[in-house]
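Structure, as structure tokens:
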Amino acid sequence: MSSIEVKLPDGSVRNYPEGTSSMDVAQDISEGLARNVLAAKVNGVVWDATRTLPQQTNLQLLTWNDTEGKSTFWHSSAHLMAEALEALYPGIKLGIGPPIENGFYYDIDFGEHHFSADEFPKVEAKMMELAKEDNSYVRSEVSKADAIKYFEEKEDPYKLDLISGLNDGEITFYEQGNFVDLCRGPHIPSTGKIKAVKLMLVAGAYWRGDEKNKQLTRIYAITFPKQKELSEYLHMLEEAKKRDHKKLGKELELFTFSEKVGAGLPIWLPKGTAIRERLEKFMRQAQIERGYDQVVTPHIGKKELYVTSGHYDKYGKDSFQPIHTPNENEEFLLKPMNCPHHCEIYKFKPRSYKDLPLRIAEFGTVYRYEQSGELNGLARVRGFTQDDAHLFCTREQIKEEFVNVIDLVMFVFGKLGFDKFTAQISLRDPENKSKYIGSDENWAMAEQSIIEAAAERDLETVTVLGEAAFYGPKLDFMVKDAIGRQWQLGTIQVDYNLPERFELEYVGADNQKHRPVMIHRAPFGSLERFIGILIEHCAGNFPLWLSPEQVVILPISDKFNDYAQKVLKYLKNLDIRGFVDERNEKIGKKIRDAEVNKVPIMLIVGEKETENEEVSVRQHGKGDLGSMKLEEFAGFFNKVLDEN
RNA sequence: GCCGAUGUAGCUCAGGGGUAGAGCGUUUCCUUGGUAAGGAAGAGGUCGUGGGUUCAAUUCCCAUCAUUGGCUCCA
């Protein structure tokens, strides 16, 4: 009787008889684990937990705590929703129903029926009813002919379209209860695991994402193994709404948009500008310490510049159109990128290997004609400022430059309270090398340098093949904000293309001419988007050093305005930003307004304080801290500054 | 760019074929008040813009612009 060998992630090896499934192994380890197993990773591939294992198995049991466990759970939930919809709306045609980052969707052709959000409760109830039946998800391998026959009988054109792209022998169906779907799987063991359901949204989506195709109804939904997790999720969404940077940007008077100025062109109000400038100052300082040279280049450039860079060919027709001058045959473009200008700075004079690495930084404002439907607050705009820099170096220096940029990015994130992040390394698709420019040797070296640099700094990384830009591999930072959402922020990209196009050169130690490598990098990406994310991360409660107004002085009555002004002057001398609320209002009202406006520190001054040269300190969200002498407050202020 | 929703006072929003309303904010006056909203009076709107239907349009229809949710795209 042969047996199979199962190696678990902790390194232990167990032997089981043939026919054992992942679920059996879980059962063998503990009852509790078996209850929680959703799927299994078998030799690196996610499988149904109920499938029997091969002879030699590296096994990782997946639960709700694993990303893959979650997506399997949601994928199965999509089938459950389809089952419910089919029961409620006989004759509907099904498109695709994949899991997504938060939940899943299913694209449905409802025929004549116009499905609306009012019908959500009905569907949710049906799903819960079917979930309670605790039906197993059963996998079966089907021949292409049988698969086609099945869906022809069901008259589902979308599934038939999908099958036509599949090879015979690789087609599987999954069945639960009365529902059968074409599906690669894997799935959770049974519907009973799904304990909470919420339909989120209906939206239109074209079949296969092509607007020439029919528009289907896409239903977004999310499910959980516990009711409590659903409530937590809904609570998080509410929290996200409260933090929305578009809402806070208006309330805190940070920025605005104007129809007259134009869509996607943010206007920075004084308080928002204060934050921006502080961020710029902070970044400039950090860069100067790391050997960057700051430069300034114009907002426009001649068309030829972008023809040389290649941007004109690739993006010219989707950009703001050229500006024509009074003289004939002159055309200028709003700059969509800073790099062409920086290449010209490189070319200003002959460069020696001794000049490298050359690090050129600019807060460069660029303009891109983003599609109208894509514009979104500060997250997607048509004019924005990058904290851009280009590093010109030798091939051998790539790794060290990456390490330096990684250090800079980690320093910046730390200072701004983004302490959870991962890095994504994007390499080229080894199957399709022709898509990329540059020699194999250069690519190998750059990719290796990035991998090593990330390892050297112990970055938690995900490597994705085929995600590199056509001109070089890259590393992107993904940060998690205070309420658990992921954002892509800083980026570092190797570029072999522009040095080629601009014919950049340096003289090597061998007295020969060589081509430098260019690295694009932007820790914030764009200041606009970054501030948007920062607003949502801190819910408008900026760290003290960034806060537009750090302190507000609140006189009890106008008798104490003079003393309040004196305190303000004292603070200004210490480089503390503040103002006096001299309005004819009661102290309760002034405090409330300051709290609502998220001013970090309130100083209340009345008779006692005036007599004793004191201030009564109150911190946003924390309440009354008692009174202090002015010098004492200065110390307290610096302590709070250091804390964040 | 495509599909849907929305657009009324500085802000948040109600209303509805007969030229508009609330709360907050703002202004003036009263009040000089000790840790999250003191009182009174006033000002403020061609109901996003342009057409059309109608005796009459802010309301209905069309177009357009903007915002927003999706889709697609992203140097």
Side-chain angles (χ1 to χ4, degrees), chain A residues 100 105 107 114-117 200-220 244 246-247 250-253 256-265 306 309-319 335-340 366-377 379-382 386 388 469-472 474 488 491 493 495 497-498 520 522 525-526 554-561 583-597 602-610 616-627:
Chain A
I100 51 176
Y105 65 81
D107 285 346
H114 183 78
F115 184 81
S116 86
M200 304 301 298
L201 181 75
V202 260
Y206 298 101
W207 173 240
R208 295 190 170 239
D210 186 337
E211 67 187 65
K212 287 185 212 74
N213 289 337
K214 180 161 183 188
Q215 193 169 39
L216 307 179
T217 303
R218 176 169 296 181
I219 305 175
Y220 287 88
D244 185 341
K246 286 163 276 189
K247 180 172 169 287
K250 193 181 273 180
E251 285 172 6
L252 303 179
E253 300 189 356
T256 185
F257 291 88
S258 145
E259 277 192 35
K260 273 211 171 122
V261 173
L265 299 170
Y306 306 102
S309 72
H311 293 119
Y312 186 81
D313 259 3
K314 201 159 178 344
Y315 299 103
K317 39 185 188 318
D318 302 318
S319 295
K335 87 172 157 187
M337 297 278 296
N338 300 301
C339 27
V366 297
Y367 299 89
R368 299 178 185 176
Y369 193 79
E370 303 292 354
Q371 294 187 53
S372 57
E374 192 55 40
L375 300 177
N376 180 323
R380 197 52 162 274
V381 291
R382 285 176 172 164
Q386 298 177 308
D388 208 1
F470 75 92
Y471 50 79
K474 62 177 180 173
Q488 190 194 311
T491 176
Q493 311 190 357
D495 187 346
N497 181 41
L498 285 183
H520 308 251
S526 100
L554 311 176
I556 298 282
S557 80
D558 55 19
K559 284 187 227 150
F560 310 107
N561 283 355
R583 289 176 308 164
N584 179 8
E585 292 289 351
K586 286 191 172 176
I587 195 65
K589 169 72 168 163
K590 292 185 186 181
I591 288 173
R592 183 186 146 79
D593 287 348
E595 290 281 354
V596 168
N597 288 316
M602 287 148 264
L603 299 179
I604 291 121
V605 295
E607 196 173 349
K608 275 186 303 188
E609 291 78 8
T610 307
S616 176
V617 182
R618 187 187 160 103
Q619 215 177 335
H620 172 73
K622 291 188 182 159
D624 193 359
L625 301 178
S627 49

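Computed from a predicted model, the values in this text were never measured in an experiment. In what follows, chains are A, B, ... by sequence order, proteins preceding strands, each numbered from 1.
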Tell me the interatomic distance from [X], atom [atom1], to [N], atom [atom2], rounded to whole angstroms.
X        : N     : atom1 : atom2 : value
A:Gln386 : B:C74 : CD    : P     : 17 Å
A:Gln371 : B:C74 : CD    : P     : 9 Å
A:Arg380 : B:U67 : CZ    : P     : 14 Å
A:Asp318 : B:U72 : CG    : P     : 17 Å
A:Tyr306 : B:A75 : OH    : C1'   : 12 Å
A:Leu375 : B:C73 : CG    : P     : 17 Å
A:Arg382 : B:G1  : CZ    : P     : 7 Å
A:Asn376 : B:G69 : CG    : P     : 5 Å

Using a 5.5 Å cut-off between ring centres and planes within 30 degrees, is A:Tyr315 stacked on the base of B:A75?
yes
Partners meeting side-chain hydrogen bond (donor to acceptor under 3.5 Å, both in side chains) with [X] (sequence neighbours left out):
X        : value
A:Lys250 : none
A:Arg382 : none
A:Asn338 : A:Lys335, A:Gln386, A:Asp388
A:His620 : A:Asn541, A:Glu595

When you compare [N] with [M], how far apart are their [atom1] atoms, in angstrom units rounded to a whole number?
N     : M     : atom1 : value
B:G25 : B:U12 : P     : 15 Å
B:G17 : B:G69 : C1'   : 32 Å
B:C47 : B:C29 : P     : 33 Å
B:A5  : B:U64 : P     : 15 Å
B:G15 : B:G39 : P     : 28 Å
B:U67 : B:A75 : P     : 23 Å
B:G16 : B:C11 : C1'   : 23 Å
B:G44 : B:U28 : C1'   : 15 Å

When you measure from the side-chain N and O atoms of A:Tyr220 to the phosphate of B:C71, is any distance below 4.0 Å, counting only OP1 and OP2?
yes
Within the 4.0 Å heavy-atom criterion, would you say A:Gly209 contacts the bases, only the backbone, or no part of the nucleic acid?
sugar-phosphate
Is A:Gly262 touching bases, backbone alone, or none of the nucleic acid, heavy atoms closer than 4.0 Å?
nothing
Using the test salt bridge (charged side-chain N to carboxylate O under 4.0 Å, His left out), find all partners of [X] that sit at least two apart in sequence or belong to another chain.
X        : value
A:Glu370 : A:Arg380
A:Arg208 : A:Asp161
A:Glu259 : none
A:Glu607 : none

With sequence neighbours excluded, residues passing ring-ring contact (aromatic ring centres under 6.0 Å, His included) with A:Phe115:
A:Tyr89, A:Phe110
Kindly give the heavy-atom pair with the smallest separation between A:Ile556 and A:Gly606, and that separation in Å.
CG1-CA, 3.5 Å
Map every base of RNA chain B to its dot-bracket character, where paired means a Watson-Crick or G-U wobble contact with both distances under 3.5 Å and | marks a partner outside the strand.
(((((((..((((....[..)))).(((((.......))))).....(((((..]....))))))))))))....
Options B:A75, B:A66, B:U72, nucleotide nearest the side-chain atoms of A:Ala263
B:A66
Which nucleotide in the set B:A75, B:U67, B:C71 lies at the smallest distance from any side-chain heavy atom of A:Ala205?
B:C71
In this structure, CG of A:Asp107 is separated from OG1 of A:Thr217 (nearest 0.5 Å) by 8.5 Å
Nearest-nucleotide comparison on RNA chain B, the residue closer to the 5′ end among A:Glu374 and A:Gly377
A:Gly377
Taking the side chain as C-beta and beyond, is there a heavy-atom pair between A:Ile591 and A:Ile604 under 4.5 Å?
yes
Decide yes or no for A:His520 and A:Cys339: does some side-chain heavy atom of the first lie under 4.5 Å from some side-chain heavy atom of the second?
yes
Encode nucleotides 33-46 of chain B as B, S and - characters from 5' to 3', where the letter depends on protein heavy atoms closer than 4.0 Å: B to the base, S only to sugar-phosphate, - to neither.
BBBBBB--------
For nucleotides 6-13 of chain B, tabulate all protein N/O to nucleotide N/O atom pairs closer than 3.5 Å, reporting atom names and distance.
| unit_1 | atom_1 | unit_2 | atom_2 | d |
| --- | --- | --- | --- | --- |
| B:U12 | OP1 | A:Lys250 | NZ | 3.1 |

